[in-house]
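The next block holds one structure in the form of structure tokens; read it before the comments.
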Amino acid sequence: MAQNLPYRQNYRKPSRQASIDPHNDLNPRVDHYIGIDVGTGSARACVIDASGDIKALATENIGLWQPETGYYEQSTTDIWRCICQCVHRALSQHNIDPTTVRGIGFDATCSLAVFSHDTDEPVPVTGPNFSNDGNDRNVILWLDHRPVEETVKVNATGHNLLRYVGGKMSIEMEIPKVLWLKNHMPPELFDRCKFYDLADALTHLATGNETRSFCSTVCKQGYVPVGVDGSVKGWQEDFYEAIGLGDLTKDNFQRMGGVDGVNGKYLSAGELVGLLSEKAAQQLGLPAGIAVGSGVIDAYAGWVGTVGAKVHLGSDQLDSGVPKNDMSQAFSRLAAVAGTSTCHLAMSKEPVFVDGVWGPYRDVLLPDFWMAEGGQSATGELLKHVLETHPAYNETMSMAESFNTSIYDYLNSHLEELKEKTNAPTISYLGRHFFFYGDLWGNRSPIADSNMTGSVIGLSSDRSMDGLAIYYYATMEFIAMQTRQIIEKMNESGHSITSIFMSGSQCQNKILMELMARTCDMPVLIPRYVHAAVVHGAAMLGAKAASADKDGKTEDLWSIMDRMSKPGKITRPGKNENEKKLLDVKYKVFLEQCRTQQEYRKSVDEATKGWA
């Protein structure tokens with residue numbers, strides 16, 4: 001990979017931005033750590049100091065190709081180029097001496113990256129020819145829904161490992177995508193492929209090592225840590241044979257990363273993968289030899305950057321038997337990492353099985369602790385879709401631009417005006433007879449059904465901005481209602497969630513945060529670095545890697561989080577009993593919409609069975 005890769009015109013034209021810290025780095029001896037976050041649409045680099053303060057932040061949009069409906073592809077070549085540009089800009093624009101950087105941490109979306117095991121070059125994933133068009137499109141994005149039949153085949157096995165992914169393997173996970181490639185690639189090309197989760201591909205590009213993370217393999221590739229449920233190798237040979245991927249079991253699963261301690265190495269979050277290679281160092285503008293930490297899926301970096309926030313919680317949200325900063329306090333905190341979609345993450349000391357919630361996953365963040373991952377397939381994307389498809393969108397967007405504000409802030413103000421204009425007691429009262437169910441991209445949790453869709457009760461002929469504002473409010477209400485549904489399911493199964501720690505751009509939406517707190521009846525915590533909680537968490541992984549002693553032992557991750565996390569803001573549930581009654585009854589309607597959709601579909605399927 002050349003140091004200065006040529007610009008390529010992509011679906012999303014790269015844009016550049018950097019945040020400016022008012023305090024320049026005057027002391028070149030201060031230690032710094034870099035976090036790299038690769039999201040669905042952009043790569044980011046964050047530089048923090050030893051106290052966890054963000055000193056520099058830079059963003060670069062990455063390419064996204066959609067060759068067919070439901071197909072989404074990216075390129076590690078393009079992603080790495082964007083990462084390098086971000087690091088260069090973050091260091092240079094903020095006068096940070098590269099020699100003060102001690103560690104690097106990576107996070108990325110849970111996407112499948114494919115390389116050749118003999119040349120280590122990217123392997124194209126674009127059918128039907130799978131030829132390189134010059135873009136090195138070797139990444140199948142998490143959002144890609146091409147392996148429908150393969151997902152059905154995987155779940156039809158009823159294999160025991162499916163217990164650890166909520167009972168069903170999602171179409172968003174990576175094994176169905178590997179099987180799709182097996183079914184569509186020329187056999188001689190598939191035989192040359194090795195497979196990575198994107199975060200592991202990035203640490204590979206940084207160090208040249210083949211080390212894999214528990215976070216990537218356990219959460220998205222069906223790896224069951226040794227000792228869990230009798231697992232011997234981590235990878236389950238009978239499962240791979242049953243789904244038609246028996247060839248990947250050869251040489252102790254070498255093409256998937258190998259067997260831990262035999263021909264492979266697996267690490268928890270931030271543990272030392274290795275040192276930055278000469279090649280990668282030159283591309284990044286850094287000295288070689290910097291510690292590189294084991295990467296994580298982006299949502300899990302959000303957990304790292306969020307749940308350690310310094311906040312004042314009541315006795316109902318804290319375990320009084322341990323110090324306020326004890327790691328066990330995290331067990332009651334749900335990290336909600338909200339972007340295009342939303343991931344809900346909770347930690348526990350013992351495994352907790354929840355139907356429709358992925359996990360429990362051991363070792364993925366801290367050794368011997370378990371994580372559960374619920375989620376909503378589309379939240380930010382859902383809000384965007386509802387606005388853009390409404391007849392009043394262009395008018396509303398024009399008004400927002402004339403006030404030099406976002407369309408979301410403009411609509412929030414419009415809802416406040418509507419409340420005053422109609423003498424409504426609350427904004428929620430405005431939408432009392434509008435019921436929106438929004439699984440337009442299927443249901444991730446807790447139904448785990450990609451066939452789920454949307455429904456509306458109360459639809460009228462209103463094409464006005466007022467009508468759009470009510471639809472927009474109802475969409476936020478759906479997001480909050482489904483969050484409550486996921487939390488209730490998790491708590492019924494053995495979790496003890498009493499607070500929500502949010503991150504992502506949705507945190508800035510005051511109405512949504514208040515609605516979340518009221519609907520779920522628990523406080524919502526917002527970190528200081530609203531837009532950078534995920535990449536801030538990745539930088540903490542760099543700090544953990546840099547703490548490695550001569551034997552490779554690193555500082556405890558929670559200790560780093562406790563030291564580097566910043567104070568956050570808190571939104572508490574409202575005390576309006578009338579509004580609580582309204583939201584409770586609307587929650588019952590929400591559950592009915594969820595249940596009846598499944599019943600209606602089943603009835604119709606039975607009536608039309610054998611017809612077509």
Side-chain angles (χ1 to χ4, degrees), residues 1-19 34-46 56-67 71-90 104-115 121-126 132-144 172 174 177 196-206 216 220 280 283-285 295-299 301-302 337 339-341 343 380-381 384 504-505 531-535 537-539:
M1 194 180 296
Q3 181 177 1
N4 295 309
L5 294 168
Y7 167 79
R8 297 187 177 95
Q9 182 66 42
N10 299 317
Y11 268 69
R12 299 181 181 179
K13 185 178 179 181
S15 67
R16 299 183 172 190
Q17 63 185 58
S19 71
I34 292 178
I36 302 295
D37 165 45
V38 177
T40 299
S42 63
R44 310 180 84 188
C46 161
L57 187 66
T59 301
E60 188 81 19
N61 284 358
I62 57 181
L64 174 64
W65 292 265
Q66 191 176 2
Y71 287 47
Y72 296 89
E73 298 171 357
Q74 292 181 325
S75 160
T76 54
T77 301
D78 175 64
I79 290 168
W80 188 256
R81 174 184 63 82
C82 292
I83 288 171
C84 293
Q85 291 178 346
C86 287
V87 172
H88 277 276
R89 195 158 66 253
I104 305 175
F106 290 89
D107 77 73
T109 62
C110 49
S111 302
L112 179 69
V114 187
F115 289 80
E121 292 296 319
V123 174
V125 296
T126 310
N132 197 332
D133 61 0
N135 291 314
D136 292 338
R137 287 153 60 177
N138 66 322
V139 175
I140 301 181
L141 194 66
W142 66 273
L143 188 61
D144 187 289
E172 295 176 8
E174 293 164 27
K177 293 176 169 69
Y196 301 82
D197 179 78
L198 183 54
D200 288 344
L202 297 178
T203 59
H204 171 65
L205 292 173
S216 294
K220 305 302 173 186
Q283 294 165 343
L284 290 164
V296 297
I297 297 161
D298 52 357
V337 187
T340 305
S341 62
C343 288
E381 186 66 22
K384 179 171 174 283
S505 58
H531 289 293
V534 173
V535 72

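- Panel note: side chain Arg44, backbone Gly35; no donor-acceptor pair is recorded below 3.5 Å.
- At a threshold of 4.5 Å between non-hydrogen side-chain atoms, the residues Val125 and Leu112 do not count as touching.
- Val337 meets the side chain to side chain contact (heavy atoms under 4.5 Å, CB included) test with Ala299, Ser503, Val534; sequence neighbours excluded.
- Listed by chain and residue number, Val38, Ile62, Cys82, Ile83 satisfy the side chain to side chain contact (heavy atoms under 4.5 Å, CB included) test with Ala43 (two or more places apart in sequence, or in another chain).
- By the side chain to side chain donor-acceptor pair (under 3.5 Å) test, Tyr71 is found to be paired with no residue, residues two or more places apart in sequence or in another chain being considered.
- Nearest heavy-atom pair across Gly63 and Asp78 is N-OD2, 2.7 Å.
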Check against side chain to side chain contact (heavy atoms under 4.5 Å, CB included), Glu381 and Ser341: CA-CA 7 Å; Glu381 186 66 22; Ser341 62; over 6 Å; no
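- Between Asn135 and Ser75, the shortest heavy-atom contact is O-OG, 2.9 Å.
- Heavy-atom minimum distance, Cys46 versus Val535: CB-CG2, 3.4 Å.
- In terms of the side chain to side chain donor-acceptor pair (under 3.5 Å) criterion, residue partners of Thr126 (sequence neighbours excluded) are, by chain and number, Glu73.
- Residues satisfying the salt bridge (Lys or Arg N to Asp or Glu O under 4.0 Å) test with Asp144, not counting sequence neighbours, are Arg146.
- Summarising the geometry, atom OH belonging to Tyr196 is positioned 3.5 Å from atom NE2 belonging to His204; distances are rounded to the nearest 0.5 Å.
- Of all the heavy atoms in Gln74 and Thr40, the pair that sits closest is NE2-O, 2.8 Å.
- Across all non-hydrogen atoms, the minimal contact from Gln66 to Tyr72 is NE2-OH, 3.3 Å.
- With sequence neighbours excluded, no residue satisfies salt bridge (Lys or Arg N to Asp or Glu O under 4.0 Å) with Lys177.
- To the nearest 0.5 Å, the span separating CG on Asp37 from CG on Asp107 amounts to 4.0 Å.
- Taking 4.5 Å as the limit, some side-chain heavy atom of Ile79 sits within range of a side-chain heavy atom of Leu202.
- Atom CG of Leu64 sits about 9.5 Å away from atom CZ of Arg137, to the nearest 0.5 Å.
- Checked against side chain to side chain donor-acceptor pair (under 3.5 Å), Ser216 has the following partners two or more places apart in sequence or in another chain: Asp197, Ser213.
- Qualifying side chain to side chain contact (heavy atoms under 4.5 Å, CB included) partners for Pro122, counting only residues two or more places apart in sequence or in other chains: Thr76, Thr77, Phe115, Asp136, Asn138.
- Under the rule for a side chain to side chain contact (heavy atoms under 4.5 Å, CB included), the partners of Ala45 that lie at least two apart in sequence or sit in another chain are Ile36, Cys86, Val87.
- Among residues two or more places apart in sequence or in another chain, the side chain to side chain donor-acceptor pair (under 3.5 Å) test is passed with Ser111 by Thr109.
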